[in-house]
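What follows is one structure encoded as structure tokens, with my remarks underneath.
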Number of protein chains: 2
Amino acid sequence: MYTESIENYLKAIYEIQREKGKVSTNALSEKLGVAPASVTSMIKKLSEKKLLTHKRYQGVKLTQSGQKIALEVVRHHRLIELYLAEALGVPWDQVHEEAEKWEHVLSEDLEDRMDAALGHPTRDPHGSPIPSRDGTIIELDSIPLADMRPGQHGVVAEVSDRDPNLLRYVGKMGLYPKTRVKVVSVEPFSGPITLKVGDASHVLGAEAAQYVFITDVKGNPGEVI
Amino acid sequence: MYTESIENYLKAIYEIQREKGKVSTNALSEKLGVAPASVTSMIKKLSEKKLLTHKRYQGVKLTQSGQKIALEVVRHHRLIELYLAEALGVPWDQVHEEAEKWEHVLSEDLEDRMDAALGHPTRDPHGSPIPSRDGTIIELDSIPLADMRPGQHGVVAEVSDRDPNLLRYVGKMGLYPKTRVKVVSVEPFSGPITLKVGDASHVLGAEAAQYVFITDVKGNPGEVI
DNA sequence: AAATTAATTTAGGTATGACTAAAATCACTT
DNA sequence: AAGTGATTTTAGTCATACCTAAATTAATTT
């Protein structure tokens with residue numbers, strides 16, 4: 001078994017790789033809330049353990065075995081998030097924080113029990129895919145809501161779980177995964193987006209729209225007004 | 001918040017105090033699986049934090065605030081044990097080990113949710129009392145099954161959760177909390193005990209009988225054969 | 001090409017919580 | 001009262017994972 005710190009580093013690397021592609025020391029430092037120098041020394045250690053490869057000043061990349069562990073941690077995290085939401089009614093803006101602690105103490109046996117109790121789910125409350133036990137993970141093809149044009153419609157695939165405030169904000173508009181949305185208008189200069197969720201109309205700030213991902217996008221793209 | 005180590009020390013002290021009365025360095029060392037010297041230095045630290053009092057070579061005693069924290073940890077532990085058994089079907093011989101890890105990462109909010117989901121329970125799967133949030137704990141008046149005489153009967157109050165093998169062993173006889181038992185005969189020289197659980201008859205080893213506690217003991221005590 | 005700025009690494013240090021070995025104290029026996 | 005053995009404490013180390021400050025390397029501007 002690896003330490004909690006190591007698990008956190010591997011997970012962070014996996015997530016940065018997914019979101020930004022390149023994984024720099026600074027990005028890790030910021031994501032983990034530790035000093036860059038601390039990241040460097042941990043990278044050295046993880047490299048010695050063959051969990052990642054590292055070229056000086058060039059960023060890191062998970063090895064097979066590093067990725068395997070990262071995916072196990074991610075699986076724990078997302079299964080727990082869903083379990084807390086479903087079984088204990090924890091609001092979707094709080095499950096992330098709780099799962100951050102639980103993910104490191106979940107035994108394989110309990111993982112299986114939660115998985116079964118939830119009916120072998122494939123998505124967490126924010127729409128992120130839950131890796132299977134063997135490490136298979138199915139990413140949906142989606143674009144940020146911010147990139148949609150008036151007239152287009154689609155289905156919410158995923159909402160970033162980084163900031164609870166964002167989750168509460170978009171939750172108030174009913175922007176949960178699997179919800180159908182239609183873009184009515186987009187203000188220029190990265191302005192707010194007006195959209196329809198069911199029968200209701202909402203205006204969404206441009207920054208928030210960066211963190212809501214839409215799949216199955218269709219419809220004639222109109223002009224930004 | 002306190003470290004996991006500190007929480008474990010306080011809980012261990014509480015439990016040894018409950019079982020043996022006096023809490024020695026050695027007893028703690030054995031219970032926690034650390035060297036006696038490590039216990040001494042941790043005792044010094046806890047004493048500085050006013051969580052316990054210590055007289056050199058004389059053992060320790062929890063202060064009010066130390067006891068309060070210990071009871072919070074115990075509450076977490078026992079609530080989790082019951083939750084795992086009830087909600088996820090974890091067998092009673094495994095819940096202890098899982099709870100040892102979970103107890104340190106349970107938020108107050110989740111504690112409340114579990115407590116409510118379980119209907120504000122007062123006993124864990126082994127029959128140990130679950131302290132209330134304010135630290136009230138109701139201990140049952142019980143004696144070891146090993147101290148019972150033939151002809152006496154009573155109700156299982158609690159089974160020690162220290163050893164999973166013990167739990168599986170007595171579980172096979174149906175000796176769960178709230179089960180009614182009657183002592184049929186007791187062999188001399190700390191010999192095995194024959195008892196009736198429902199309609200079934202079982203023979204229980206003397207050592208195991210030390211760890212099964214019976215309440216509500218009645219009936220004419222006969223002789224040990 | 002040199003200078004500036006940003007990112008990364010190195011060097012040295014700290015707190016936590018464990019360890020071993022040796023010394024001190026206590027409890028008991030004779 | 002002294003000696004023996006068990007218990008406890010002291011002294012000194014170690015690994016983990018963090019930190020700050022300074023040095024190095026890379027990227028960008030002038």
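So you know, we letter chains A, B, ... as the sequences are listed, proteins then strands, and number each from 1.
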Value in whole Å for how far the C1' atom of D:dC18 lies from CD1 of A:Ile6: 14 Å
Reference residue B:His77; test side-chain hydrogen bond (donor to acceptor under 3.5 Å, both in side chains); the match among B:Glu15, B:His96, B:His104: B:His96
Look at the side chain of [X] and the backbone N and O of [Y], then say whether any donor-acceptor pair between them is shorter than 3.5 Å.
X        : Y        : value
A:Gln152 : A:Arg149 : yes
A:Thr122 : A:Ile130 : no
B:Tyr14  : B:Val73  : no
B:Thr63  : B:Lys50  : yes
A:Arg78  : A:Pro131 : no

Which residue lies more 5' along DNA chain D, comparing A:Ala37 with B:Ile43 via nearest heavy atoms: B:Ile43
Parallel, tilted or perpendicular: ring planes of A:Trp102 versus B:Trp102, cut at 30 and 60 degrees: tilted
So what does [X] hit on the nucleic acid, given a heavy-atom distance under 4.0 Å: a base, only sugar-phosphate, or nothing?
X       : value
B:Ser38 : base
A:Thr40 : base
B:Thr3  : sugar-phosphate

B:Glu100, B:Glu72, B:Glu4 screened by salt bridge (Lys or Arg N to Asp or Glu O under 4.0 Å) with B:Lys11, the one that passes: B:Glu100
Outermost nucleotides of DNA chain C that come under 4.0 Å of a non-hydrogen atom of chain B: C:dT16 to C:dC26
Heavy atoms of other groups near A:Glu97 CD, more than 12 under 6.0 Å: no
Nucleic acid contacts - residues 8-30 of chain B versus DNA chain C, non-hydrogen atoms under 4.0 Å: B:Tyr9
B:Tyr176 ring center near B:Trp92 ring center (under 6.0 Å): yes
Residues A:Asn26 and A:Ser24: side-chain donor-acceptor under 3.5 angstrom: no
Nucleic acid contacts of residues 44-61 of chain A, taken as heavy-atom distances under 4.0 Å to DNA chain D: A:Lys45, A:Tyr57
